[in-house]
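Accompanying notes for the structure given below.
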Amino acid sequence: MSRIGKKPVPVPAGVTAAIEGKTLTVKGAKGTLTLDLADEVTYDIGDGGITVQPANDTKRARSFWGMQRTLVQNLITGVTDGYTKQLLITGVGYRANVQGRNLKLQLGYSHDVDYAIPEGITILTPDQTTVNISGIDKQKVGQVAAEIRRWRKPEPYKGKGIKYAGEFIFRKEGKKK
């Protein structure tokens with residue numbers, strides 16, 4: 001039994017939710033998001049918010065229950081507050097700056113890395129070693145952050161590379177004489 005799935009998702013003032021066919025559409029101050037609804041779960045929009053219940057008593061329906069409720073919660077949070085990830089760049093000569101709809105990264109390669117910023121995502125560089133990624137879709141913000149981090153993952157000896165803010169990098173001791 002899902003403890004998360006039992007709770008209804010509250011819909012704050014200024015947010016509208018509608019089910020049309022197999023999609024849930026949520027509109028808020030920051031924009032509009034949609035979610036394809038799973039057949040294993042039933043959705044109901046009421047006064048207390050959006051409730052999610054398994055359609056039947058199969059294991060598949062019960063496993064989808066909590067996940068689908070969390071996806072609905074992510075839609076509501078996205079259109080009200082949005083999501084932000086922060087990346088920190090560590091290393092001599094490593095830096096980033098935004099030029100139009102491109103993020104230019106200098107990461108110690110013989111060439112600069114140009115990353116095209118997708119639609120719906122805003123990237124800011126308050127300084128040369130910090131990259132702030134924000135948007136209303138949690139999955140898209142996380143995917144963009146992971147793609148940027150993939151260019152130079154932090155290495156365990158000096159800690160050089162791109163890491164998430166708050167991420168702990170396990171440091172190894174170097175060679176001994």
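Quantities reported herein were computed from a predicted structural model and do not represent experimental measurements.
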Q. Side chain to side chain contact (heavy atoms under 4.5 Å, CB included) between Gln86 and Tyr164: does it pass, once the steps are laid out?
A. CA-CA 6 Å; Gln86 185 177 41; Tyr164 297 111; over 6 Å; no

Answer yes or no: are there more than 12 heavy-atom neighbours, outside [X] itself, under 6.0 Å from its atom [atom1]?
X: Glu173; atom1: CD; value: no
X: Lys138; atom1: NZ; value: no
X: Lys30; atom1: NZ; value: no

Determine whether [X] and [Y] make a side-chain contact, defined as any pair of heavy atoms from C-beta on separated by less than 4.5 Å.
X: Lys140; Y: Tyr83; value: no
X: Val98; Y: Val131; value: no
X: Thr130; Y: Leu88; value: yes
X: Val141; Y: Ser134; value: no
X: Thr23; Y: Leu35; value: no

Nearest 0.5 Å, please: how far is [atom2] in [Y] from [atom1] in [X]?
X: Leu124; Y: Asn97; atom1: CG; atom2: CG; answer: 12.5 Å
X: Thr70; Y: Trp65; atom1: OG1; atom2: CH2; answer: 12.0 Å
X: Asp112; Y: Leu107; atom1: CG; atom2: CG; answer: 8.5 Å
X: Asp44; Y: Gln53; atom1: CG; atom2: CD; answer: 9.0 Å
X: Ile121; Y: Gln143; atom1: CD1; atom2: CD; answer: 10.0 Å
X: Ile133; Y: Thr84; atom1: CD1; atom2: OG1; answer: 9.5 Å

Q | Transitive ILVMFWY side-chain link Val144 to Leu33, under 4.5 Å | A |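 No, because Val144 and Leu33 fall into different hydrophobic clusters, even though each may have its own neighbours under 4.5 Å.
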
Q.
Between Tyr157 and Ile89, is there shared hydrophobic-cluster membership here, with clusters defined by ILVMFWY side-chain heavy atoms closer than 4.5 Å?
A.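 Result: no, two separate clusters.
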
Please name the pair of heavy atoms, one in [X] and one in [Y], separated by the smallest distance, quoted to 0.1 Å.
X: Ala17; Y: Leu24; result: CB-CD1, 4.4 Å
X: Ala55; Y: Asp39; result: CB-O, 3.9 Å
X: Leu105; Y: Ala96; result: CD2-CB, 3.4 Å
X: Pro12; Y: Thr80; result: CG-CG2, 3.8 Å
X: Pro154; Y: Ile169; result: CG-CD1, 3.4 Å
X: Ile148; Y: Ile162; result: O-CD1, 3.5 Å

(Q) Between Thr125 and Asn132, does the side chain to side chain contact (heavy atoms under 4.5 Å, CB included) criterion hold? Intermediate values first, please. (A) CA-CA 6 Å; Thr125 52; Asn132 292 331; over 6 Å; no

Q: Kindly assign one of parallel, tilted or perpendicular to the pair Phe170 and Phe168, based on the angle between their ring planes and the thresholds 30° and 60°.
A: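 Perpendicular: the ring planes of Phe170 and Phe168 meet at over 60°.
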
Keeping the roles fixed (side chain from [X], backbone from [Y]), state whether a donor-acceptor pair exists under 3.5 Å.
X: Tyr43; Y: Gln68; result: no
X: Thr90; Y: Lys160; result: no
X: Arg69; Y: Val52; result: no

**Q.** Sole candidate of Lys85, Arg149, Lys153 that passes salt bridge (charged side-chain N to carboxylate O under 4.0 Å, His left out) when paired with Glu167
**A.**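 Among Lys85, Arg149, Lys153, the one meeting salt bridge (charged side-chain N to carboxylate O under 4.0 Å, His left out) with Glu167 is Arg149.
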
Q.
Pair Thr122, Ile117 - check side chain to side chain contact (heavy atoms under 4.5 Å, CB included), show working.
A. CA-CA 8 Å; Thr122 305; Ile117 301 171; over 6 Å; no

Q) Ion pair present between Arg95 and Asp127, side-chain N to carboxylate O less than 4.0 angstrom? A)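 No.
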
**Q.** Test log, rule side-chain hydrogen bond (donor to acceptor under 3.5 Å, both in side chains), inputs Tyr115 and Glu147
**A.** CA-CA 9 Å; Tyr115 181 79; Glu147 287 173 4; 2.5 Å; yes

**Q.** Working for salt bridge (charged side-chain N to carboxylate O under 4.0 Å, His left out), residues Arg152 and Glu155
**A.** CA-CA 8 Å; Arg152 184 70 84 176; Glu155 53 97 14; over 6 Å; no

Q. After noting the C-alpha distance and the side-chain angles of Val11 and Ile50, does the key distance pass the side chain to side chain contact (heavy atoms under 4.5 Å, CB included) rule?
A. CA-CA 7 Å; Val11 179; Ile50 302 171; 3.9 Å; yes

